Amino acid sequence: MSTVTWNERALRQLKTQKEFAMKKFLNRRTRIVGAVLIGVMSFCLFAWWRVSVTNKQQLAAIVSGAHRTPEEIRGLTDKMIAWREHFTPSFLPQHAWNEARCAGTVITAVNAFAGTEILRNASAWEFARVNDEQVNLVFDRSEDFVFKTVSETEHHLEETRDSPVKLSAILRPFIVNGTTDRLFVVGYHYKQTHSDEKIFAANTGKNSHLMLLLGRQKENWLGYHFFRRDEADVAFPFKVQSLHDDMSQDFDVVYVWEIKNTRMAAKGASIAFVQNQKPIGWTRGWLSIPLIPTHITSFLFGDEDQFPRIEKEVDGVIGVVPDGRRWSNGDLLGFTCDVPVYGHRGGPSGEGARGEFGLKGQCVEFANHYLAKGRGYKNLTHTGDADSYFWHARSK
């Protein structure tokens with residue numbers, strides 16, 4: 001055998017070995033990539049299933065099918081009003097927070113107040129059609145709005161007559177002891193809405209948003225809704241909003257509906273909606289990218305309380321954080337006599353943490369808040385720390 005022939009055979013054999021090794025490596029990498037993809041898909045399916053099951057369980061806990069008493073409905077509305085500056089529950093799961101769910105927020109809230117599914121889900125402009133048997137129309141000014149045709153595919157809803165609207169005048173027959181004795185839903189047109197074309201296509205109503213009226217406190221009405229005005233509202237867009245009698249200048253009232261079977265007692269039961277859910281901006285975190293469903297980020301970073309719970313008062317206290325649940329410094333833990341109880345903030349507290357009664361999350365602030373609001377004593381804010389109270393109690 002010549003040297004050339006031997007070298008050729010050696011080179012062919014070496015090439016074959018390299019090809020075999022490369023094929024083996026590729027097969028192994030393919031198996032690893034395949035296993036990773038299967039694992040990721042399995043986790044996504046599990047997260048999707050777990051979030052869906054959890055949502056159904058938690059929704060069933062507040063919409064169980066048993067209609068609440070007039071005292072219970074009043075108690076829930078009273079606490080929503082009293083606690084609005086500290087806490088607002090969300091009646092939508094985290095993965096469903098988007099611009100189109102404003103109606104779903106209000107509809108689920110009404111069902112939660114009633115304790116049973118008296119309203120069916122629908123878009124804001126189809127609310128009355130879908131729930132015709134469960135609502136009474138008490139105000140209608142839809143004739144003051146007309147569609148202006150910009151093109152074949154673009155229509156703008158415009159207010160042609162600026163009729164004065166006073167909620168107190170509309171709801172006068174339903175006002176008892178200065179507030180309403182049942183639940184009402186307001187259908188309004190937001191002046192910056194993006195839904196005009198959908199409203200035109202549906203041809204069922206002329207309101208782009210819904211708001212649940214909780215009642216009136218002094219001269220202001222209070223409404224619960226899902227609303228985003230700017231980037232600051234994205235973190236937590238659920239609001240109990242204080243309204244003037246003619247509502248906001250951006251909210252043109254079109255309809256007002258009475259929700260049947262939601263009559264409230266004069267004095268409420270000691271129950272409340274509570275929820276320690278994280279803001280959506282924190283929930284979605286750095287995984288908020290189009291390729292990853294928000295089900296997954298809700299599973300990874302979200303609070304399990306996708307819907308609020310209903311808690312009863314025990315020894316004068318209603319807890320927000322469930323027993324055994326971890327909490328961080330400064331978190332809202334609960335209420336006593338409608339006074340919020342925060343976890344100790346720890347570390348230095350700047351003026352940014354100062355509220356009406358002192359530095360939030362500090363023992364002095366809680367004691368002062370409880371005595372001033374819960375027991376009617378003088379507000380002693382800006383009068384020192386705990387050690388100064390000890391040494392100068394008599395002078396205070």
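Please read all numbers here as calculations on a predicted model, not as lab measurements.
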Requested in this report: Examine distances only and state if a side-chain atom of Thr116 and a backbone atom of Ile118 form a donor-acceptor pair shorter than 3.5 Å.
Outcome: no
Report task. Assess whether side-chain hydrogen bond (donor to acceptor under 3.5 Å, both in side chains) is satisfied between Thr179 and Trp221, documenting all intermediate values. Result -> CA-CA 9 Å; Thr179 187; Trp221 290 87; over 6 Å; no
Query raised in the report: What are the two closest non-hydrogen atoms of Asp252 and Lys191, and how far apart are they?
Result: OD2-CE, 3.3 Å
Requested in this report: Determine yes or no for a side-chain-to-main-chain donor-acceptor pair under 3.5 angstrom, with Arg141 supplying the side chain and Arg161 the backbone.
Outcome: yes
Query - Side-chain donor or acceptor of Thr108 paired with backbone N/O of Gly104 under 3.5 Å - result: yes
Query raised in the report: For the side chain of Glu258 and the backbone of Leu137, is there at least one donor-acceptor N/O pair under 3.5 Å apart?
Result: no
Query raised in the report: Between atom OG of Ser270 and atom CD1 of Ile318, what is the distance when rounded to the nearest 0.5 Å?
Result: 6.5 Å
Query - Cationic N near anionic O, under 4.0 Å, Arg74 to Glu71 - result: no
Report task. For side-chain contact (heavy atoms from CB on, under 4.5 Å), just list the numbers for Asn136 and Trp257, CA-CA rounded to whole Å, side-chain angles, deciding distance to a tenth of an Å, and then say yes or no. Result -> CA-CA 5 Å; Asn136 289 324; Trp257 298 279; over 6 Å; no
Query raised in the report: What's the verdict on side-chain contact (heavy atoms from CB on, under 4.5 Å) for Glu365 and Tyr370, showing C-alpha distance, side-chain angles and the deciding distance?
Result: CA-CA 8 Å; Glu365 190 275 346; Tyr370 178 80; over 6 Å; no
Query raised in the report: Distance from Asn379 atom CG to Asn368 atom CG, nearest 0.5 Å?
Result: 4.5 Å
Report summary line: Residues Leu210 and Asn207: closest non-hydrogen pair is CD2-ND2, 3.5 Å
Query raised in the report: Taking the six-membered ring for Trp, is the centroid-to-centroid distance between Trp125 and Phe127 below 6.0 Å?
Result: no
Report task. Return yes if some donor-acceptor pair links the side-chain N/O of Asp140 with the main-chain N/O of Ser142 below 3.5 Å, else return no. Result -> yes
Query raised in the report: Between the side chain of Thr180 and the main-chain N/O of Arg182, is any donor-acceptor distance below 3.5 Å?
Result: yes
Query - Full working for side-chain contact (heavy atoms from CB on, under 4.5 Å) between Leu157 and His189 - result: CA-CA 9 Å; Leu157 186 61; His189 185 258; 3.5 Å; yes
Query raised in the report: Are Asp245 and Lys166 within salt-bridge range, i.e. N to O under 4.0 Å?
Result: no
Report task. Please check if the side chain of Ser195 supplies one atom and the backbone of Lys198 the other of a donor-acceptor pair under 3.5 Å. Result -> no
Query raised in the report: Does the ring-ring contact (aromatic ring centres under 6.0 Å, His included) test come out yes or no for Phe251 and Phe227, once each step is laid out?
Result: CA-CA 11 Å; Phe251 304 161; Phe227 181 66; 5.2 Å; yes
Requested in this report: Quick one: pull up CZ in Phe307 and CG in Leu59 and give me the separation to the nearest 0.5 Å.
Outcome: 4.5 Å
Report task. Calculate, to the nearest 0.5 Å, the distance between atoms CD and CZ belonging to Glu311 and Phe273 respectively. Result -> 12.0 Å
Report task. Look only at the side chain of Arg68 and the backbone of Ala112, and say whether a donor-acceptor pair between them is shorter than 3.5 Å. Result -> yes
Report task. Taking all heavy atoms of Ile170 and all of Val165, pick out the closest pair and write down the distance. Result -> CD1-CG1, 3.7 Å
Query raised in the report: Among the clusters formed by ILVMFWY side chains lying less than 4.5 Å apart, do Leu92 and Val274 turn up in the same one?
Result: no
Report task. Please step through side-chain contact (heavy atoms from CB on, under 4.5 Å) for the pair Gln275 and Ser90, ending with a clear verdict. Result -> CA-CA 8 Å; Gln275 184 182 53; Ser90 65; 3.4 Å; yes
Report task. Please check if the distance between the ring centroids of Tyr255 and Tyr188 is under 6.0 Å. Result -> no
Query - Test of ring centre spacing under 6.0 Å for Phe91 and Phe238 - result: no
Query raised in the report: Of all heavy-atom pairs between Arg101 and Asn121, which one has the smallest distance, and what is that distance?
Result: NH2-ND2, 3.9 Å
Query raised in the report: Is the backbone N or O of Val320 less than 3.5 Å from a side-chain atom of Arg309, with the two atoms forming a donor-acceptor pair by type?
Result: yes
Report task. Would you give the length of the straight line joining atom CZ of Phe113 to atom CE of Met264, rounded to the nearest 0.5 angstrom? Result -> 8.5 Å
Query raised in the report: When rounded to the nearest 0.5 angstrom, what distance separates CD in Glu85 from CD in Glu356?
Result: 8.0 Å
Query raised in the report: Taking a hydrophobic cluster as the set of Ile, Leu, Val, Met, Phe, Trp and Tyr residues connected by side-chain heavy atoms closer than 4.5 Å, whether directly or through intermediates, do Phe145 and Ile199 fall within one such cluster?
Result: yes
Query raised in the report: Donor-acceptor pair, Asp144 side chain versus Glu159 backbone, under 3.5 Å?
Result: no
Requested in this report: Have a look at His369 and tell me which of Tyr342, Phe335, Phe357 forms a ring-ring contact (aromatic ring centres under 6.0 Å, His included) with it.
Outcome: Phe357
Report task. Look at the side-chain heavy atoms of Ile, Leu, Val, Met, Phe, Trp and Tyr, link any pair under 4.5 Å apart, and say whether Tyr224 and Trp83 land in one connected group. Result -> no
Report summary line: Between Asn55 and Pro93, the two heavy atoms sitting closest are ND2-CB, 3.4 Å
Query raised in the report: Side-chain heavy atoms under 4.5 angstrom apart, residues restricted to Ile, Leu, Val, Met, Phe, Trp, Tyr: same cluster for Val176 and Ile259?
Result: no
Query raised in the report: Any chain of hydrophobic side-chain contacts (each under 4.5 Å) joining Val130 to Leu212?
Result: no
Report summary line: Heavy atoms of His225 and Val106 approach each other most closely as CA-CG2, 4.4 Å
